Amino acid sequence: MVSSSPAPAIFHLTLLLIISTCISSSFSQSTPATTSPPTKIGNGYTLVSLQESPDGGLVGRLQVNRRNYIYGADIPFLQLYIKHETDDRLRVHISDAQQQRWEVPYDILPRDRPPTPSTQTIGRSRKNPITVSEFSGGELIFSCISNPFSFAVRRKLNGETLFNSTSDQSSPYNSLVFKDQYLEISTSLPKDASLYGLGENTQPHGIKLNPNEPYTLWTTDQSAINLNMDLYGSHPMYMDLRNVGGEAYAHGVLLLNSNGMDVLYRGNSLTYKVIGGIFDFYFFSGPSPLAVVDQYTQLVGRPAPMPYWSLGFHQCRWGYHNLSVVEDVVENYNKANIPLDVIWNDDDHMDGHKDFTLNPTAYPQPKLQDFLQRIHARGMKYIVIIDPGIGVNSSYGTYQRGLAKDVFIKYDGKPYLAQVWPGAVNFPDFLNPATVSWWGDEVRRFHEIVPVDGLWIDMNEASNFCSGLCTLPQGKQCPTGTGPGWICCLDCKNITKTKWDDPPYKINASGTHVPIGYKTIATSAVHYNGVREYDAHSMYGFTHAIATHKALQALQGKRPFILSRSTFVGSGHYTAHWTGDNQGTWNDLKYSIHTMLNFGIFGIPMVGSDICGFYPQPTEELCNRWIELGAFYPFSRDHANYYSPRQELYQWETVAESARNALGMRYKLLPYLYTLTYEAHTTGAPIARPVFFSFPNIQELYGLSTQFLLGESLMISPVLDQGQTNVSVVFPPGTWYNLFDLSQAIISKETQTVTLDAPLHVINVHLYQNTILPMQRGGLISKEAKMTPFTLIVTFPAGATEARAKGKLYLDDDELPDMSLGNGQSTYVEFYASASKENVKVWSDVTDSSYALDKGWVIEKVTVVGLAGIGGQFAIDVEGNAGILDVSKFKMVETEHKFLNEMKKVGEEENKSVMVEIGGLALPVGKQFTMSWTLGIS
């Protein structure tokens, strides 16, 4: 037991525990702005006991100070559990001490379980209550005050307070509140903190959270054109980036809770208002932004490995009325010489919009199978949509088998009736193991008749065209078959009789405080083991993805590809994501960057928006600019609405030209993008990331939302406004090389904005110094592009005489379920380069070489930029065998750089900088090599 006496008690355990009586001002934190005190919703709690837990954490008891009945009665006794789970992750878990409450299921999102609450100490208080305690781990320190209970988390390195729930009379928020259907906790924040995350929503002001805008989390089928509203996913995680004396420190905060919530960010404080569950906080110490995402995905699951072909270009449309239209689309892309890897069907292929069926007239099975054989032979892939709603139909095998296995969500003991595209539907309950097995069997049955290469799971918030408790209408057809299919035609009545349908606190659902059961499953409906939809609602798309991933992986043991609209904490472990129903507007073009970058932070790096907009028809100019940007989304797909005119990239010749340019570069970059997916899978690193990820100390980059990086050093700077033929680009310090013309460079002595030409068919892409970028020749399909020879681009600072560069390359058999080394089916290469006053050296270090050697990949050219010149002796050594290559066949070309901004300041001596291309090579990728030559001006 921990002593409660004034003298500190120190225990030499795996962690250092200090408990002492100290004054509350020991919390180092800025004082919140003085405002009129709000109505107090609770009176807080007192920490009445605290002791070590068997697993090395702490377990405490909290007792309510005085009950308050706003939004219901306070829960009288709470269990507090604190544990430093790793050196850089702290968990603070607060739950009901007397009965089990809903938590995100531990089998759905695996993690350690806290100790089971004990009733032995409930209600006991101490004569000398603990005033302040500290619990120190590797990087973080937990501190708390006993009455009213509050806690803080500090960074051990510099003592900075990262989270502080202390409230006083001047605070615009309450002390800890914990009721059955209303939980509240807050933290004060420094005004200069930059926050990111808390999605999914469309943030019009950029990637940073904007004070005093609503952040509501409740998965909703609501178009992404709605700004600052709860959309398809729920991600109660944020990253906090601060600059302390010119040095950046980032940390992350996750509240693992699936219930609906409002998060109020005021600029100097943040408040959670949650309508159920528990407080299960995880704090990630960073201190770099990349480290935060690494630590976060270590907990919630690393991003799923992606097939190589998924990085190619995808074409989809709701409204490909028959198979011949799809065949024409594929052929027209080929005629236009625009790359295309994957063709998609929305529900046009279905019989009456029913999952796992084919329209026998529009998509007859023999003709569809023949089409798939032909595109598969070329290396193309085919994906179809699968919604969760299963049509209620006595002749529909999927439905009948589901009824027999009792797989549907219930209301009053019967399958809950809703309406989606097929008409009346029931929703599978993916919390039920029997449902997961049934779903897998339905996927298998469908795959036997249509060998799809991936699945697109949509409408899984879950979406419902009706609200409340519904029955099939008598004497009328539903749906009618005419007009929009989303008009409710069931006979429905509102449900307000239960606390789950009408909770005392109304979250800002859909931006207008609509009932939480509006256009979704009734929140009093029941899942497996009595779980209420009220609690599990925002996890529906997550459980849908898990079941679909398991189903696809079971087919042939291949790597699955799934695209899901609704996501939750951990969804990235199973699925990619697109940002939903956007519009063909210039604003939506901008917003797509904001959402994409947020999802990288959420651990879902394979993300993109509908290129050219889902609806209505984009202008020709906008579609040009959108494919230029969309070619560099991690997930790159053109998709359009049923009611919109056709917008495939070949529909306008100008758009086709922009597509050939931008997608042509994407296909050359496929090995780099695939290596980034490997990094994402192994470390969580976002594929697309904010520029400040690589330059965290530069504060003016914290809000930069019009540019982004692919990986550490490839910067994309699109045109985002109508009628513009140039673009203002922010360049952090260093040398940046134009990837489309490496002889052009920008030197930035300090962070500066440069205006660059950007005519209609041009997007500016720049590669940073000190990088080695592997590229290939490209092609019209990834299968072919993957087997072409490599070029290495080595970038040194302009005019460098002393510099280093590095890069990496991951190659594997992308049919394998996992991305890993040591299986004989993968190769990993690290590239290095150095420049000194006398010579240049480029070399490689190869791990698991056999796969690359078996495939016969070679490096045909090395381009080095930023050198002072070339000349003198040239040598190559492969695997220690000097002279293995015929040097006489090599071709060396020197080109002087053109600088698009001032390279030197007045009075400075001008430095010469050149690009050196060494061609005619045939260096095996699977063999280590060393290349060197003497520097000199030739």
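Nothing here was measured: the structure is a model prediction, and the numbers come from that model.
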task: Output, in order, the C-alpha distance, side-chain angles, deciding distance and verdict of side chain to side chain donor-acceptor pair (under 3.5 Å) for Trp102 and Ser258.
output: CA-CA 9 Å; Trp102 165 258; Ser258 62; 2.9 Å; yes
Closest heavy-atom contact between [X] and [Y]?
X      : Y      : answer
Leu622 : Pro618 : CD2-CB, 4.0 Å
Gln203 : Gly197 : OE1-O, 3.5 Å
Gln647 : Asp638 : O-OD2, 3.0 Å
Ala509 : Thr216 : N-CG2, 4.3 Å
Arg559 : Met306 : NH1-O, 3.0 Å

Is there a donor-acceptor contact under 3.5 Å linking the side chains of [X] and [Y]?
X      : Y      : result
Asn598 : Thr595 : no
Asn393 : Ser395 : yes
Gln222 : Tyr232 : no
His537 : Asn259 : no
Trp626 : Ser592 : no
Gln617 : Ser644 : no
Tyr505 : Asp262 : yes

Taking only distance into account, with no hydrogens and no angle test, what donor-acceptor pairs under 3.5 Å do side-chain atoms of residues 607-616 form with protein atoms, sequence neighbours excluded?
unit_1: Ser609; atom_1: OG; unit_2: Thr579; atom_2: OG1; d: 2.6
unit_1: Asp610; atom_1: OD1; unit_2: Arg637; atom_2: NH2; d: 3.3

Write out all pairs satisfying side chain to side chain donor-acceptor pair (under 3.5 Å) with one or both partners inside [range], taking only residues at least two apart or from two chains.
range            : answer
residues 354-363 : Asn345-Tyr363
residues 461-473 : Asp221-Ser463, Glu461-Arg565
residues 316-325 : Gln315-Tyr320, Trp318-Asp347, Tyr320-Glu648, Asn322-Ser324

So, the side chain of [X] versus the backbone of [Y]: is there a donor-acceptor pair under 3.5 Å, distance only?
X      : Y      : answer
Thr498 : Asp501 : yes
Asn332 : Asp328 : yes
Thr219 : Gly233 : no
Thr220 : Trp218 : yes

Taking everything shown except [X] itself, do over 12 heavy atoms lie less than 6.0 Å from its [atom1]?
X      : atom1 : result
Phe371 : CZ    : yes
Lys405 : NZ    : no
Asn494 : CG    : no

His349: ring-ring contact (aromatic ring centres under 6.0 Å, His included) partners, not counting sequence neighbours: none
message: Once ring-ring contact (aromatic ring centres under 6.0 Å, His included) is applied, do any residues pair with Phe599, and if so which ones, sequence neighbours excluded?
response: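 Counting only residues at least two positions away or on another chain, Phe599 forms a ring-ring contact (aromatic ring centres under 6.0 Å, His included) with His235, His577, Phe602.
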Could you give the side-chain donor-acceptor pairs of residues 541-548 under 3.5 Å, partners two or more places apart or in another chain?
unit_1: Thr543; atom_1: OG1; unit_2: Met539; atom_2: O; d: 3.4
unit_1: Thr543; atom_1: OG1; unit_2: Tyr540; atom_2: O; d: 2.9
unit_1: His544; atom_1: ND1; unit_2: Asn460; atom_2: ND2; d: 3.2
unit_1: Thr548; atom_1: OG1; unit_2: Trp439; atom_2: NE1; d: 3.1
unit_1: Thr548; atom_1: OG1; unit_2: His544; atom_2: O; d: 2.8

Lys273: partners by salt bridge (Lys or Arg N to Asp or Glu O under 4.0 Å), with sequence neighbours left out: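 Salt bridge (Lys or Arg N to Asp or Glu O under 4.0 Å) check on Lys273 returns nothing, list empty.
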- prompt: Which residues satisfy the side-chain contact (heavy atoms from CB on, under 4.5 Å) test with Lys497, sequence neighbours excluded?
  reply: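 Checked Lys497 against side-chain contact (heavy atoms from CB on, under 4.5 Å); matches are Tyr411, Ile495.
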task: Please name all residues satisfying side-chain contact (heavy atoms from CB on, under 4.5 Å) with Pro415, sequence neighbours left out, ordered by chain then number.
output: Leu403, Phe408, Lys410, Asn426
Single hit among Trp344, Phe635, Trp456 for ring-ring contact (aromatic ring centres under 6.0 Å, His included) with Trp578: Trp456
message: Centre-to-centre under 6.0 Å for Trp421 and Phe465, is that the case here?
response: yes
- prompt: Sequence neighbours excluded, which residues qualify as disulfide bond (SG atoms under 2.5 Å apart) partners of Cys470?
  reply: Cys492
- prompt: According to the disulfide bond (SG atoms under 2.5 Å apart) rule, which pairs have a member within residues 423-452, sequence neighbours left out?
  reply: none
message: Ring-plane angle category for His549 and Tyr574, please: parallel below 30°, perpendicular beyond 60°, tilted otherwise.
response: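 If you compare the ring of His549 with that of Tyr574, the planes turn out perpendicular.
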query: Any idea how His314 and Trp309 line up, ring-wise: parallel (<30°), tilted (30 to 60°), or perpendicular (>60°)?
result: tilted
message: Less than 4.0 angstrom from a charged side-chain N to a carboxylate O is my criterion; do Asp441 and Arg444 meet it?
response: yes
side-chain contact (heavy atoms from CB on, under 4.5 Å) between Leu217 and Ser538, worked out: CA-CA 8 Å; Leu217 279 63; Ser538 288; over 6 Å; no
